[in-house]
Number of protein chains: 2
Amino acid sequence: MKTEPLNLTPLGDSGGTPLYLQVKRALLGLIESGACRPGQSLPNETTIARGLGVSVGTLRRAVDELVHEHVLVRRQGKGTFVAQHNSERFMFQFFHVEPRADPRFGEVVQQVEYPTVECVAFERDRAGEQDTLALRIKQGEAVLRFENRLSLGGRAVVHDRIVVPASLFRGLTEKRLLDRPSTIYSLYQTEFGITVLRAQERARAVAADRTTARILGLPAGMPVLEVHRIAMTFGERPVEYRISTIHTQLHDYVSVRSRSG
Amino acid sequence: MKTEPLNLTPLGDSGGTPLYLQVKRALLGLIESGACRPGQSLPNETTIARGLGVSVGTLRRAVDELVHEHVLVRRQGKGTFVAQHNSERFMFQFFHVEPRADPRFGEVVQQVEYPTVECVAFERDRAGEQDTLALRIKQGEAVLRFENRLSLGGRAVVHDRIVVPASLFRGLTEKRLLDRPSTIYSLYQTEFGITVLRAQERARAVAADRTTARILGLPAGMPVLEVHRIAMTFGERPVEYRISTIHTQLHDYVSVRSRSG
DNA sequence: CCCAATTTGTTCGTATGTATA
DNA sequence: TTATACATACGAACAAATTGG
């Protein structure tokens, strides 16, 4: 949580791009390079602004956007921090399954329930065609595949099939996956220095295959929701490809959580 | 597109709420009340700011948020306008079906294709239990129900079952629904003064019932995606409840469209 | 084609309020 | 209480896009 003296070189003239965007990139660069680690605080606003040779207002605008993108977190009276992955963030930004509710779902804020996770498979493998396209890696490149079963209220609801490039996750074993204290994205961040910033998802309805049916405890052929997710880090680089199969008899897939108006 | 002299009374002291939020509410009130109609321009920033007795910066912050929420649209050199529903906005904000693409969907920006719409049913009815909960109306209140078939590339892909309170849409007939020149939300806005601002959606996989199977031309029992949407106007008031059944064999449900990083 | 008026976009600097330790 | 940090609010200057002459 300490404040290191950062290397804040004045910005180079970057053509016609607005100054606050240049500042944003500079900050992103500092974070991506590891000069500021997740959880650490940045220097205060006047210090950064002076270091970069811009006004406080310009810096604030850049920080505003990074806060909006969950890259930074501001706390009045305390400072500005590099965002850390925790279960709260995971539930809010990346977990899109909720118990079926009354249709006045806008009304009451649902109690969010963190799922129970079991690892049901883990293997080293080579990238197939789907993986190469999703992860932008070469055919046959080493990948890690693992599968999780997620339960809510004691019921198996989600079957995750996850594939990541082995090169980014050297030393990831089933044991380390099981022993993680927090969410999987927290593990990525803490143990491998990989920060998932956002994800793209596409959903479709399919008939449950035998494997998924067994894992979720439902008859094969039952309609289930299949969500394909590509998770990205800085520079829109894909780092994880995940196919989540969701048993949507008692739960829904909710794309965006409600906000204030 | 003309600039009427608006009734810009200075803000009343509203306790501890920040000034820019009070300004935001004042602007929302002006729009909701109909003093500024969709497509019309607002007075310029200095005029509004002076009218409300705030600085330009404070006004701009309020407008910033309203632009983010698609309530206002700013155009440099031209002015600030009350947002209008058109097909572009519909596709971007409310249409979540895309042809199945390579899994590098982050890569190429898909060509968006506006769907062909056919009305396959229209009736006056009374609200059932689901409708009362979703639309926050009383049991038995008059509603309009209609069903559309949406096609992409000549294939029937979506079956919409839409229900709206009849009280908000007096004079809506099947003919007017068919004759609309633009999107359905544009019709709501132009003909009935109802502006849909945002929507909440929940998705699940189900087996296609006979009606939907017939309309979409697929075997009954096939897994399809069922999306429940509540569309809201100002003050989070629900104005439309829609169940979209999507044939996801060649198309995906995409929750949020990609943005820049 | 250029000029001038209008409007939003960007940047600066400063002062004051509020939460935290 | 005090010091520090972010949050809000103000005002001013110049840049860039648009429109019409």
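For the numbers below, each heavy atom of this structure counts, side chains included, while hydrogens, waters and symmetry mates do not. Residue numbering restarts at 1 for every chain, and letters A, B, ... go by the order of the sequence lines. Computed from a prediction, not measured in an experiment: that's the story for all the values here.
Atoms CG (B:L59) and P (D:dA9) sit 12 Å apart, rounded to a whole Å. With rounding to whole Å, B:L19 atom CG is found 11 Å from D:dT8 atom P. For B:R75 and D:dA16, the CZ to P distance is 21 Å, given to the nearest whole Å. Rounded to whole Å, the distance from CD1 on A:I48 to C1' on D:dA5 is 11 Å. The distance between atom CZ of B:R60 and atom C1' of D:dA12, rounded to the nearest whole Å, is 14 Å. Rounded to an integer number of Å, the gap from B:N44 CG to D:dT19 P is 16 Å. For the pair A:E45 CD and C:dT14 C1', the computed distance is 14 Å after rounding to whole Å. The interatomic distance linking A:L21 (CG) with D:dA15 (P) rounds to 19 Å, in whole Å.
Within a 6.0 Å sphere centred on CZ of A:R89, other residues, nucleotides and ligands contribute more than 12 heavy atoms. Around CZ of B:R237, the count of heavy atoms belonging to other residues, nucleotides or ligands within 6.0 Å exceeds 12. Within a 6.0 Å radius of CZ in A:R176, other residues, nucleotides and ligands contribute more than 12 heavy atoms.
A donor-acceptor pair under 3.5 Å links the side-chain atoms of B:Q22 to the main chain of B:T17, judged by distance alone. No side-chain donor-acceptor contact under 3.5 Å links B:D160 to the backbone of B:I162.
If you find the closest nucleotide of DNA chain C to A:G77 and to A:P18, the one lying nearer the 5' end belongs to A:P18. Nearest-nucleotide assignment on DNA chain D puts the 5′-proximal partner with B:R61, out of B:V56 and B:R61.
Using a 4.0 Å heavy-atom cutoff across all strands shown, B:G79 reaches sugar-phosphate atoms only and no base atom. At the heavy-atom level, B:T46 lies nowhere under 4.0 Å from the strands shown.
Applying the 4.0 Å criterion to OP1 and OP2 of D:dA5, one finds that A:R74 has every side-chain N and O outside that range. Applying the 4.0 Å criterion to OP1 and OP2 of D:dA9, one finds that B:Y20 has every side-chain N and O outside that range. Between B:K78 and D:dA17 there is no side-chain N or O to OP1 or OP2 distance below 4.0 Å. Residue A:T58 places none of its side-chain N or O atoms closer than 4.0 Å to OP1 or OP2 of C:dT10.
Counting distance only, with no hydrogens placed and no angle test, the side-chain atoms of B:Q76 and the base atoms of D:dA16 include a donor-acceptor pair under 3.5 Å.
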